[in-house]
Amino acid sequence: TKIQWSSMSKYHNKSWENDSVEDILVRSRGLMLELVATRDIVEGEEIFLDYGPHWDKAWANHMENWAPPSSDGYSPVHILNEEEEIRTKDE
């Protein structure tokens, strides 16, 4: 499966494809995307989505450069998942 800009929706406006997130959020309608099969799919088969080479590069960059926040209040998600009570942001 791949993601592509909508080619069939009457609500999709091609000129919006280069707009900023802020521009898109103030519209009553957003960008339209399609999920397209890249080959025949057998009933019951798991479908995988190819995010493309740009996503792969962004993920590799994130993995190479990410560091946990230096704040004293930071808790990694695996620690939060072990807690019995759900905390709010202020807690």
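Everything numeric in this text was worked out from a predicted model, so none of it was measured. Position 1 is the first residue of the sequence, and the numbers go up from there.
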To the nearest 0.5 Å, what is the distance between [atom1] on [X] and [atom2] on [Y]?
X	Y	atom1	atom2	result
L33	W5	CG	CH2	5.5 Å
N81	H78	CG	NE2	9.5 Å
E64	W59	CD	CH2	13.5 Å

Is any side-chain heavy atom of F48 closer than 4.5 Å to a side-chain heavy atom of T1?
-> no
Are any non-hydrogen side-chain atoms of E45 and E43 less than 4.5 angstrom apart?
-> no
Find out if a path of hydrophobic residues (ILVMFWY) with successive side-chain heavy-atom gaps under 4.5 Å connects I3 to I41.
-> no
Check whether more than 12 heavy atoms from other residues, nucleotides or ligands sit under 6.0 Å from atom NE2 of H62, and answer yes or no.
-> yes
Nearest heavy-atom pair of L35 and L49: which atoms, and what distance?
-> CD2-CD1, 4.1 Å
Report yes or no: does N65 contribute a side-chain atom to a donor-acceptor pair with the main-chain N or O of N61 at less than 3.5 Å?
-> yes
